[in-house]
Amino acid sequence: MDSNRSHAVRVRLFGAFRDIHPSGELMMTVEQGTLVGALKTHLKEHLVGLEGMKLPESELDQLISDSVLADETRVLSDDERWTGAQPCLVVLPPVCGG
Amino acid sequence: MADSLVGTAPVKITVDQEPIQPGEFASAMGQAGHGAVAYFFGAVRDRNHGRQVTAVSYDAFAPLAARTLEAICEEARRSWGEDLVIHVRHRTGKLRVGEVSVAIGVSSVHRDEAFQASRYVIEELKKRVPIWKKEYYVDGETRWLRGHALCGQGHH
């Protein structure tokens with residue numbers, strides 16, 4: 001992996017993900033140009049082996065599949081490529097405010 | 001409406017942990033020339049899906065929540081009048097039963113626009129704004145509520 005194209009990215013977790021990773025944050029190494037949809041697969045790889053993971057893998061799969069990635073200003077489309085410009089990625093599960 | 005309310009900012013959004021006081025929220029609304037203000041206050045219920053609730057925690061990604069609420073309010077103003085004044089507050093953190101989680105106020109010349117716009121704002125908030133709720137039950141269990149997936153919503 002070309003180190004100039006790989007970036008350590010802060011990933012913030014919200015909602016149901018906080019029960020999985022209570023700190024609400026993790027670091028992922030992401031290669032520039034990766035499809036946003038593929039980043040969700042990387043996320044699953046980070047979460048599935050966590051000590052104390054209580055969620056069955058199938059439920060984790062569904063939660064990640066139903067979630068979107070975003071930066072501070074907008075939701076990112078699964079088919080766009082991560083440019084490396086965003087210092088932080090945010091994982092947003094299905095919403096239910098109000 | 002009081003003269004001191006001339007020039008109220010047309011859209012005001014707050015997402016934070018401060019308790020929402022309906023009286024205080026209402027007193028900040030209104031606009032000269034407007035004859036109607038519609039308010040919606042959502043509060044934590046003591047029962048949901050047959051379970052007794054003791055509290056609810058609201059989690060929010062505040063920067064995008066505020067931005068999305070602002071967009072929703074601007075859509076309402078485009079639909080029901082650019083003269084509408086809309087204020088929205090959403091509280092985060094742990095709330096007890098009965099506490100207000102969300103407040104929406106819409107001020108307009110006539111009541112029809114105020115009612116319709118306020119309904120629009122709360123319905124869109126529930127589907128689009130990055131806020132989540134976790135219920136606490138009397139038996140000690142907790143549960144993050146299922147919600148509306150943001151994928152496939154055609155993001156701008």
Side-chain angles (χ1 to χ4, degrees), chain A residues 10-26 35-41 43-44 47 52-56 58-82 86-98, chain B residues 13 15 40-45 48 56-72 88-92 95 100-104 118-119 121-135 141-156:
Chain A
R10 180 174 159 234
V11 179
R12 295 182 64 189
L13 306 167
F14 289 89
F17 286 104
R18 289 196 188 271
D19 281 355
I20 299 168
H21 203 289
S23 75
E25 280 194 17
L26 54 86
L35 283 171
V36 169
L39 294 181
K40 288 163 72 168
T41 305
L43 175 67
K44 182 195 163 182
L47 295 177
M53 164 60 77
K54 295 186 185 96
L55 209 60
S58 59
E59 285 187 37
L60 178 63
D61 269 341
Q62 189 65 57
L63 179 61
I64 291 173
S65 174
D66 290 343
S67 300
V68 296
L69 299 186
D71 61 21
E72 297 225 337
T73 62
R74 67 182 182 93
V75 172
L76 306 175
S77 173
D78 276 5
D79 58 7
E80 68 180 279
R81 293 190 181 273
W82 188 76
Q86 306 95 332
C88 175
L89 283 171
V90 186
V91 185
L92 308 179
V95 302
C96 54
Chain B
I13 307 295
V15 178
F40 171 81
F41 296 103
V44 175
R45 288 201 312 273
N48 192 30
V56 170
S57 265
Y58 285 94
D59 189 18
F61 178 42
L64 193 55
R67 186 180 281 258
T68 307
L69 280 167
E70 202 169 324
I72 290 168
V88 182
R89 283 199 73 133
H90 202 301
R91 190 171 163 196
T92 57
L95 278 65
V100 175
S101 55
V102 60
I104 297 169
S118 62
R119 182 69 190 248
V121 171
I122 185 62
E123 298 298 338
E124 293 301 300
L125 182 158
K126 285 179 171 291
K127 290 186 289 194
R128 291 164 54 183
V129 178
I131 296 175
W132 303 270
K133 55 182 154 189
K134 179 177 182 175
E135 287 183 337
E141 284 192 4
T142 63
R143 184 175 67 119
W144 287 98
L145 297 190
R146 283 289 299 170
H148 299 271
L150 294 177
C151 34
Q153 282 196 19
H155 303 287
H156 309 288

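Letters A, B, ... are given to chains in the order of the sequence lines, protein chains preceding strands, and every chain is numbered from 1.
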Identify which part of [X] has an atom lying under 4.5 Å from any heavy atom of chain A, answering side chain, backbone, both or neither.
| X | result |
| --- | --- |
| B:Lys134 | side chain |
| B:Ala62 | neither |
| B:Trp132 | both |

Can you tell which part of [X] gets under 4.5 Å to a heavy atom of chain B, answering side chain, backbone, both or neither?
| X | value |
| --- | --- |
| A:Asp71 | backbone |
| A:Ser77 | neither |
| A:Ala16 | both |

How far apart are the closest heavy atoms of [X] and [Y], and which atoms are they?
| X | Y | result |
| --- | --- | --- |
| B:Asp59 | A:Arg18 | OD2-NE, 2.6 Å |
| B:Ala149 | A:Pro94 | N-CB, 3.7 Å |
| A:Val95 | B:Arg128 | CG2-N, 4.0 Å |
| B:Arg67 | A:Thr73 | CD-O, 3.1 Å |
| A:Ser65 | B:Cys151 | O-SG, 4.0 Å |
| A:Gly98 | B:Lys126 | C-NZ, 3.9 Å |

Looking at B:Arg143, I want to see if its CZ is surrounded by more than 12 non-hydrogen atoms of other residues, nucleotides or ligands under 6.0 Å. yes
Taking salt bridge (charged side-chain N to carboxylate O under 4.0 Å, His left out) as the definition, give me every residue that meets it alongside A:Asp61, ordered by chain and number, with sequence neighbours left out. A:Lys44
By salt bridge (charged side-chain N to carboxylate O under 4.0 Å, His left out), which residues pair with B:Glu135, not counting sequence neighbours? none
Side-chain contact, heavy-atom cut-off 4.5 Å: B:Arg146 with A:Cys96? no
Could you label the plane-to-plane angle of the B:Phe61 and A:Phe14 rings as parallel, tilted or perpendicular, counting under 30° as parallel and over 60° as perpendicular? tilted
